[in-house]
Amino acid sequence: MRRKPTCKIQKSKSLLNTGSIMEYNFSAIEKKWQAQWKQDHAYRVSNESSKPKFYVLDMFPYPSGSGLHVGHPLGYIASDIYSRFKRLKGFNVLHPMGYDAFGLPAEQYAIEHGVHPAVSTAENIDTFRKQLDNIGFCFDWDREVRTSDPSYYKWTQWIFLQLFNSYYNRLTQKAEPIAQLVTVFEKEGNIKHVCPGDHAIRFSAMEWNNYTHKQQQDILMNYRLAFCGYGEVNWCEALGTVLANDEVINGVSERGGHPVVKKKLRQWYLRITEYADRLLDGLQTIDFSEAMKEMQTNWIGKSSGAEISFQVEATDGRNGLHLHVYTTRPDTIFGVDFMVVAPEHELIERITSDEQKETVEAYIAYVKSRSERERQAEKKITGAFTGAYALNPFDGRKIPVWISEYVLAGYGTGAIMAVPCGDERDYKFAKHFNIPITNIIGDAYNGEEANATKDAKLENSGFLNGMVMRDAMEVVIDKLEDMGIGKRKVNYKMRDAAFSRQRYWGEPFPIQWKNGVAVALSETELPLELPAVDHYSPGPEGEGPLANIPEWVARELETNTMPGYAGSSWYFLRYMDPHNQNVFCDRKASDYWNQVDLYIGGTEHAVGHLLYSRLWTKVLCDLGYIGFDEPFRKLLNQGMIQGSSRFVYRLLWKFAGTERVLDQAKLPQVFISKGIVDELHKGNKEIEERYKTELLNLLKQTYSGSVSFIHSIDVVALHVDVNIVDGVELDTKAFKQWKPDFADAEFILEDGKYICGVEVEKMSKSKFNTVNPNTLVDKFGADTFRMYEMFLGPVEQSKPWDTKGIEGVHRFIKKLWRLFFDEQKGKQWDEEKATAAELKVLHRTIKKIEDDTERFSFNTAVSTFMICVNELSDLKSHKREVLESLLIMLTPYAPHIAEELWHQLGNTSSVLDAAYPVYNASFTAESEKEYPVSINGRVRTNISISLDATEAQVKEIVLGNEMVQKWMEDKPLKKLIFVKGKMINVVI
RNA sequence: GCCCCGGUGGUGGAACUGGUAGACACGCAGGACUUAAAAUCCUGUUCGCCGAAACGCGAGUACGGGUUCGAUUCCCGUCUGGGGCACCA
């Protein structure tokens with residue numbers, strides 16, 4: 001960036017005129033440079049550069065109505081530091097920001113307040129942006145995107161159409177245009193292309209060609225990567241709407257507490273299961289934490305086993321019914337004591353006996369009210385016997401068929417064979433319903449708990465007897481295949497991703513329904529804009545609000561909208577080429593920027609967003625639109641900043657033996673200090689009596705009625721705004737002003753103070769534990785705020801917010817300032833040559849800051865800056881040579897003060913593009929080491945020894961040492977451990 | 001319930017590959033400067049014991065075991081806090 005020096009000096013003087021230039025006036029400095037950088041487009045990034053590229057991305061924020069709290073910027077500061085660091089290191093750095101602007105909260109707000117989501121979202125974004133700007137981020141705002149903007153979602157719709165018009169070719173292991181598949185069908189039917197949506201669909205070329213258009217389209221729907229099907233949703237009759245999982249609590253709606261049941265609705269899905277293996281394999285090529293990879297692996301849940309068909313004795317005498325189960329342990333087939341099928345299983349109706357009908361129906365009704373989560377988490381064992389029996393194919397044993405909620409319809413075949421001696425859940429179920437348990441593993445089963453071993457020898461297992469379980473698996477599968485009643489099967493826990501919402505505020509599907517056939521709009525019709533509506537209530541039969549718009553319905557347009565993750569699955573590509581009208585992202589741009597080199601965000605997206613965006617990337621890559629099939633090369637997970645909530649304890653008035661009923665509303669609100677509450681809860685009678693008396697006196701003063709006795713003291717804990725609490729001490733005056741309710745509050749104090757309770761929780765407005773970054777920036781400046789957020793601890797770690805330590809970081813920055821300016825004497829720096837001691841401090845710092853920044857250890861980097869400034873202050877060092885290097889290193893962390901001092905030193909170009917100092921090891925070399933010397937692992941003394949010394953020399957020195965001899969007490973030396981440059985251990 | 005992560009002084013944390021536990025800060029205590037305050041600077045600060053003092057002894061990284069010359073770090077078990085579990089984003 002180019003600036004005119006004369007203009008700069010005038011500006012800095014005029015802006016700094018509130019005090020002496022020697023004073024650290026952070027607000028003037030920060031405003032000045034933010035304005036200057038903006039004017040100079042200092043953060044504009046070009047797609048054309050001779051420098052190597054580097055792409056740093058923050059996870060897409062949803063602009064919520066409550067604005068930013070101190071937890072949000074943690075990751076943004078980390079990515080900002082890294083971006084600036086890479087820029088100083090000579091990279092062309094892309095560091096964009098935008099908004100995931102569609103979402104449920106805005107729609108909910110619209111329903112409640114009648115404000116159009118587009119309006120409230122735009123307002124939220126404004127607030128968000130102002131807060132972000134305050135902190136001095138280096139985002140290239142020219143590249144901002146908003147998912148709710150038609151110019152953006154035009155391309156979301158376009159990509160959806162690519163998914164809709166593609167299928168996964170298992171032969172080539174990639175997505176291909178469905179038109180190609182049609183050509184194949186015309187020539188050879190689907191012999192080579194098993195139908196992923198329904199394995200039973202098989203046809204020859206002739207059959208295909210004879211199908212009607214509708215029949216063909218129905219078949220193709222079973223191949224498409226974006227397809228329509230039916231799925232269960234949380235349906236709330238009373239609200240007439242579909243609810244999100246987190247809007248359902250204990251089977252009733254969060255709002256209003258109305259009953260919620262499962263309802264089948266037509267839904268769009270993405271056929272992510274076809275990509276299961278590639279999503280799994282891809283994990284090996286990307287730098288995510290092991291924990292993250294493990295979570296994704298578990299989510300995909302690949303397992304291999306067998307699908308086995310059991311003959312079922314139908315109660316109505318009909319034959320030929322079969323129950324298909326999936327098991328990973330075919331070796332335990334002789335240990336099957338019962339079957340469990342999901343309550344949704346279609347066979348239930350046909351196999352339930354007359355005697356059990358009522359029980360089964362009642363049980364199914366119960367399960368309908370339960371969420372999937374509740375079903376899996378429940379400790380209570382429930383189930384019902386169908387009255388039917390399956391037959392063990394090998395020994396003909398009759399096996400009772402049960403239904404239970406712990407078996408989910410969506411996983412495997414929705415039915416399991418239960419082996420209580422080998423599976424804990426089966427064991428508990430058997431015990432609970434008194435089903436006899438067969439032991440097939442001899443001593444390995446102790447009769448008190450299941451043993452899931454694979455290494456026991458089988459007993460009671462017919463032809464498998466004596467075989468080790470692990471080996472028996474293949475034998476059983478082979479036999480089943482020979483008998484034609486089972487086959488080897490790979491199974492995935494992952495299901496196809498539901499891709500529609502019965503909501504308004506999301507991307508419309510570019511789909512028309514013509515005679516029951518989904519027809520894609522042509523590209524020229526995109527974007528299909530979201531129509532304006534007056535109200536946001538749901539349409540008929542659980543359809544979305546779009547179903548209420550006559551013109552929409554008349555055009556036969558899809559009334560569902562896309563879910564929240566649609567726009568966020570590909571946004572990292574749009575940033576590369578945000579204004580392109582002709583294509584979602586020019587291939588040249590995506591070839592240049594390629595993968596995101598560093599992606600920062602929380603683990604809460606582990607299996608949602610991160611899997612979906614990996615899927616979209618793979619599809620786009622398969623279809624040739626981009627050149628890479630993993631979006632994020634490296635992922636850094638930021639921890640969550642939790643809130644530290646404060647509580648006050650309000651007295652619950654309880655009386656006994658009162659002649660008159662007291663008007664509760666007239667009673668004073670009394671708040672009891674934490675320490676006293678604790679004593680009361682401990683059952684301290686003495687305290688209780690004392691405060692009963694005190695309360696009684698209070699009551700007599702404020703209440704005219706005659707009261708003689710307070711029954712017991714009980715309290716209710718209420719959240720109190722953390723901003724009116726100093727540590728744990730409540731500002732009682734501020735508390736009275738906080739809410740009108742509390743204006744006349746009375747306090748029972750301890751040692752003259754009101755002490756609050758403390759708890760760590762999620763940071764949220766409703767808990768009054770949020771801290772606004774703006775307040776801190778106003779008070780200490782953005783540079784201090786940035787460094788303090790980093791100083792809190794490792795970015796990856798979750799921790800509760802505590803503002804207290806911020807003073808220490810602020811002191812450090814002021815101390816740094818004093819290396820340059822003395823309040824009395826003014827300019828402090830000089831042009832002299834740095835001494836060896838100063839260079840040693842500097843180069844140790846260069847090494848550490850560089851290493852720490854590179855490995856995202858920003859907290860230790862801040863410490864290192866502190867140590868450096870402390871040491872330079874101690875040395876009374878003010879050499880420009882040293883200070884300039886220090887400023888460059890500081891730029892990523894505290895850009896404003898760095899730029900200001902950089903210019904004060906007389907530089908005319910920006911510090912943002914300075915050359916990063918180069919570490920020179922010769923300045924930090926040591927010749928001696930003060931070794932800690934341990935006797936049997938316990939440090940007893942320190943001995944300085946030359947780093948050149950050989951082990952023999954070291955041994956001589958150590959054993960000759962007085963202290964060592966004293967501790968050895970003439971015992972013989974067993975061993976001497978010498979780790980060069982580290983330590984010495986004398987073993988006796 | 002299942003999957004993942006964490007637990008170190010009064011507090012946030014440091015110790016990067018198994019090698020001096022507590023760097024750097026906060027807080028607290030004492031002191032200097034000041035009429036005073038703020039700011040700044042200096043000293044001390046894991047706990048217990050002994051002591052005038054210590055570079056004196058012992059314990060110590062959630063708890064219980066194990067491996068090792070040596071464990072905050074690796075292994076097994078327990079407790080406990082957090083995140084996710086498919087329509088919050």
Side-chain angles (χ1 to χ4, degrees), chain A residues 59-62 64 100 102-105 108 231 233-234 242-248 267 289-295 297-299 301 372-379 406 410 425 493-503 563-565 568 602-609 611 637 639-640 642 727 760-762 788 791-794 796-802 804-809 811-812 814-815 818 823 851-852 855 857 859-860 862-867 870 873 930-934 936-942 963 974-977 979 981-988:
Chain A
M59 279 189 190
F60 220 13
Y62 174 77
S64 89
D100 191 8
F102 278 130
L104 216 49
Q108 196 51 45
V233 294
N234 300 312
V242 175
L243 296 176
N245 281 337
D246 65 333
E247 294 177 302
V248 184
Q267 303 282 347
S289 70
E290 284 310 310
M292 181 63 60
K293 290 182 182 180
E294 215 167 316
M295 277 190 266
T297 303
N298 292 339
W299 179 265
E372 207 167 277
R373 179 98 46 90
E374 286 169 332
R375 285 172 57 172
Q376 287 174 289
E378 190 58 75
K379 282 186 186 170
Y406 78 88
R425 217 156 27 163
K493 211 185 302 177
M494 181 168 66
R495 307 194 291 258
D496 282 328
F499 194 69
S500 47
R501 304 290 181 258
Q502 290 68 46
R503 296 286 178 174
Y565 65 84
S568 62
T603 49
E604 65 271 24
H605 299 284
V607 290
H609 161 65
L611 269 180
N637 288 119
M640 182 175 282
Q642 292 143 325
V760 173
E761 312 174 278
K762 243 186 183 167
Y788 181 59
F791 190 60
L792 274 179
E796 301 98 314
Q797 223 167 79
S798 291
K799 55 233 151 195
W801 178 263
D802 185 359
K804 277 209 160 155
I806 198 168
E807 305 262 3
V809 175
R811 258 173 233 155
F812 150 75
K814 284 194 287 191
K815 194 165 178 178
R818 287 200 301 273
E823 280 192 33
D851 286 356
D852 285 356
R855 67 188 176 97
S857 180
N859 57 325
T860 53
V862 176
S863 303
T864 303
F865 280 122
M866 289 174 171
I867 293 168
N870 288 346
S873 301
E930 174 119 329
Y931 282 97
V933 180
S934 306
N936 283 345
R938 193 89 190 137
V939 180
R940 296 302 179 182
T941 188
N942 290 297
M963 198 65 144
K974 262 195 210 148
K975 203 160 147 194
L976 185 111
I977 311 252
V979 182
K982 290 276 185 191
M983 48 69 69
I984 295 159
N985 190 11
V986 179
V987 186
I988 52 172

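What you are looking at is a predicted structure, and each value in this text was computed from that prediction instead of being measured.
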- Any side-chain heavy-atom pair from V986(A) and N936(A) closer than 4.5 angstrom? no
Practice item. Under 4.0 Å between any heavy atoms, over every strand shown, what does K974(A) touch: base, sugar-phosphate, or nothing? Just pick one. Key: nothing
Here the pair of heavy atoms bringing A244(A) nearest to L104(A) is CB-CD2, 4.0 Å
(request) Ignoring backbone atoms, establish whether K814(A) has a side-chain N or O less than 4.0 Å from OP1 or OP2 of U40(B). (result) yes
Same-atom distance (C1') from G13(B) to C26(B), integer angstrom:
10 Å
dist D100(A):CG -> Y62(A):OH (nearest 0.5 Å) comes out at 8.5 Å
Partner of C74(B) under the Watson-Crick or G-U wobble criteria, both distances under 3.5 Å, comes out as G66(B)
Test item: N234(A) side-chain N/O and L243(A) main-chain N/O as donor-acceptor pair under 3.5 Å = yes
Scanning all shown strands, the Watson-Crick or wobble mate of G12(B) with both distances under 3.5 Å is C24(B)
#### Entry: Phosphate contact (C69(B) OP1 or OP2) by R938(A) side-chain N/O below 4.0 Å
no
With heavy atoms under 4.0 Å as the rule, sort E796(A) into base, sugar-phosphate or nothing.
nothing
Taking every heavy atom of S500(A) against every heavy atom of P563(A), the minimum-distance pair comes out as N-CD, 4.2 Å
Testing C24(B), A14(B), G27(B) for proximity to the side chain of T860(A), the answer is A14(B)
Given protein heavy atoms under 4.0 Å, the one-letter contact record of nucleotides 84-89 of chain B, with B base, S sugar-phosphate only and - none, is simply SBBBBB
Less than 4.0 angstrom between a side-chain N/O of R818(A) and OP1 or OP2 of C41(B), yes or no? yes
_One pair to check against side-chain hydrogen bond (donor to acceptor under 3.5 Å, both in side chains): S863(A) and T860(A). What are the steps and the verdict?_
CA-CA 5 Å; S863(A) 303; T860(A) 53; over 6 Å; no
By nearest-heavy-atom nucleotide on RNA chain B, the more 5' of S857(A) and S863(A) is S857(A)
Min side-chain heavy-atom separation V933(A)-N942(A) under 4.5 Å:
no
TODO: For nucleotides U20(B) and A71(B), find the distance between their C1' atoms and express it as a whole number of Å.
DONE: 14 Å
| said: Evaluate T603(A) against N637(A) for side-chain hydrogen bond (donor to acceptor under 3.5 Å, both in side chains), listing each step before the verdict. | reply: CA-CA 6 Å; T603(A) 49; N637(A) 288 119; 5.5 Å; no
Does N870(A) place a side-chain N or O at less than 4.0 Å from the phosphate oxygens OP1/OP2 of A25(B)?
yes
Protein-nucleotides 16-19 of chain B N/O pairs under 3.5 Å:
none

Closest of G12(B), A25(B), U40(B) to the M866(A) side chain is A25(B)
Practice task
Under the salt bridge (Lys or Arg N to Asp or Glu O under 4.0 Å) rule, what do R855(A) and E796(A) come out as? Steps first, then yes or no, please.
Solution key: CA-CA 12 Å; R855(A) 67 188 176 97; E796(A) 301 98 314; over 6 Å; no
From CG of N859(A) across to P of G13(B) the rounded distance in Å is 9 Å
Is the distance from the ring center of F812(A) to that of F791(A) below 6.0 Å?
no
*Determine the Euclidean distance between corresponding C1' atoms of C49(B) and G60(B); express it in Å to zero decimal places.*
14 Å
### Task
Determine the Euclidean distance between corresponding P atoms of G84(B) and A62(B); express it in Å to zero decimal places.
25 Å
